[in-house]
Asker: 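Attaching a single structure in structure tokens format; questions to follow.
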2 protein chains.
Amino acid sequence: MIALDAIDVRILNALQKNGRLTNVELAEQVSLSASPCLRRVRLLEEAGIITGYRAQLDPACLGLGMSVFVDLRLSHHNDAASDEFEAAILRLNNVINCYLVSGSADYRLEVLVKDLQGYEVLLRQLQCLPHVKDIQSNFVIRSVKAQAPMPIAAS
Amino acid sequence: MIALDAIDVRILNALQKNGRLTNVELAEQVSLSASPCLRRVRLLEEAGIITGYRAQLDPACLGLGMSVFVDLRLSHHNDAASDEFEAAILRLNNVINCYLVSGSADYRLEVLVKDLQGYEVLLRQLQCLPHVKDIQSNFVIRSVKAQAPMPIAAS
DNA sequence: TAAATATTGGACTATAATGCTAATTATTAA
DNA sequence: TTAATAATTAGCATTATAGTCCAATATTTA
């Protein structure tokens with residue numbers, strides 16, 4: 001874990017808000033001239049602190065207005081079963097996130113679909129996945145806070 | 001919902017993968033010359049399909065190696081209680097996502113903390129929030145698939 | 001088919017990225 | 001505290017990119 005000074009923190013916060021800031025704009029915001037600013041950004045990228053830049057899309061505009069959390073249990077908990085299941089999950093494009101979690105479920109998925117019909121299709125796909133024993137769904141009614149910037153502390 | 005042709009879909013997919021592609025690079029990838037490519041990107045931004053660009057950071061590098069889903073129930077379900085609770089959630093920087101969900105919980109939060117100690121601190125803050133009755137936590141053991149690109153269909 | 005509309009490609013200007021060097025700042029050791 | 005060293009920064013020059021304008025092409029519609 002690389003030490004971040006106050007300027008690095010400002011850079012990271014600015015790029016979390018707007019990943020397409022030009023280096024000149026970024027340098028202004030963090031009170032630095034362009035070249036050292038660029039040097040710091042490159043170092044943050046090389047250090048793996050900045051892992052990439054993504055355009056954020058509005059799922060509703062893309063016909064993906066329904067978001068669902070799907071909790072899933074497997075019938076077998078050996079490595080082979082997990083690997084097979086996870087490989088299948090990676091192929092399902094409507095599954096945006098998938099975590100192995102503690103608690104009553106094994107996996108928690110976050111899924112984007114158009115509507116209940118789309119959800120039904122996906123549910124059937126999930127039920128057919130290898131080693132799936134149990135599925136429970138929670139629908140997102142409203143998003144209160146989404147993809148908030150990470151809290152960064154200088155170190 | 002604006003109609004997207006095949007070129008728009010390619011643009012959106014390319015920018016989901018890399019939001020800092022130069023317009024020239026993007027134009028090459030979608031087999032278009034620079035100026036119409038730029039025009040399309042601007043239209044996608046103005047239409048609200050592209051909502052922004054963000055740098056992706058590695059939480060582990062920032063001392064936020066622990067991710068937890070927190071399910072939360074309120075004691076009262078009137079508007080005032082919800083509003084007060086949601087306002088408080090917006091102020092908690094370790095809460096990255098917060099959704100109103102169906103099912104046994106009212107709200108589902110996604111939380112980033114350094115470790116169990118950090119989690120304990122946050123848990124106490126959540127318990128002190130107005131109208132909170134019940135809290136249940138699920139720890140993320142491993143991320144199988146994270147922030148996968150949205151599946152986009154031409155229309 | 002022909003007219004109208006939308007989209008594209010290319011030239012040009014303004015702006016930004018990037019590498020280099022000198023100067024400044026911070027750090028270490030005496 | 002001062003001097004020496006190392007790290008970081010600012011400014012400048014060069015190259016690349018963004019963004020605008022207009023003519024040409026493709027598409028749509030009657």
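Here is how names work: the chains are called A, B, and so on, in the same order as the sequence lines, proteins then strands, and each is numbered from 1.
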Asker: Rounding to an integer number of Å, can you tell me how far A:Leu4 CG sits from D:dT8 P?
Answerer: 13 Å
Asker: Name every donor-acceptor pair, under 3.5 Å, that has one atom in a side chain of residues 127-137 of chain B and the other anywhere in the protein, sequence neighbours excluded.
Answerer:
{"residue": "B:His131", "atom": "NE2", "partner": "B:Glu84", "partner atom": "OE1", "Å": "3.0"}
{"residue": "B:Ser137", "atom": "OG", "partner": "B:Tyr119", "partner atom": "OH", "Å": "2.0"}

Asker: If we fit an axis to the first five pairs and another to the last five of the helix from C:dT1-D:dA30 to C:dA30-D:dT1, what angle do they make, to the nearest 10°?
Answerer: 50°
Asker: Pick the closest DNA chain D nucleotide for B:Thr22 and for A:Asp5 by heavy atoms, then say which residue is nearer the 5' end.
Answerer: A:Asp5
Asker: Rounded to whole angstrom units, what separation is found between the CG atom of B:Asn23 and the P atom of C:dT15?
Answerer: 18 Å
Asker: Using whole Å, what does the distance between atom P of nucleotide C:dT8 and atom CG of B:Leu26 come to?
Answerer: 13 Å
Asker: Decide, yes or no, whether a salt bridge links B:Asp106 with B:Arg73 under the criterion of side-chain N to carboxylate O below 4.0 Å.
Answerer: no
Asker: In residues 31-53 of chain B, which ones come under 4.0 Å of DNA chain C, going by heavy atoms?
Answerer: B:Leu32, B:Ser33, B:Ser35, B:Pro36, B:Arg39, B:Arg40
Asker: Could you tell me the separation between the CG atom of A:Leu21 and the P atom of D:dA18, rounded to a whole number of Å?
Answerer: 15 Å
Asker: Only one of B:Asn138, B:Leu122, B:Val111 passes side chain to side chain contact (heavy atoms under 4.5 Å, CB included) with B:Val70; say which it is.
Answerer: B:Val111
Asker: Kindly say whether B:Lys17 contributes a backbone atom to a donor-acceptor pair with the side chain of A:Arg54 at under 3.5 angstrom?
Answerer: yes
Asker: Does B:Arg20 pair with A:Glu45 as a salt bridge, N-O distance under 4.0 Å?
Answerer: no
Asker: Quick one: does A:Asn23's side chain have a donor or acceptor within less than 3.5 Å of a partner on A:Ala34's backbone?
Answerer: yes
Asker: Kindly check if the number of other-residue, nucleotide or ligand heavy atoms within 6.0 Å of NZ (A:Lys145) is above 12?
Answerer: yes
Asker: In this structure, would B:Val68 and B:Val95 fall into the same cluster of hydrophobic residues linked by side-chain contacts under 4.5 Å?
Answerer: yes
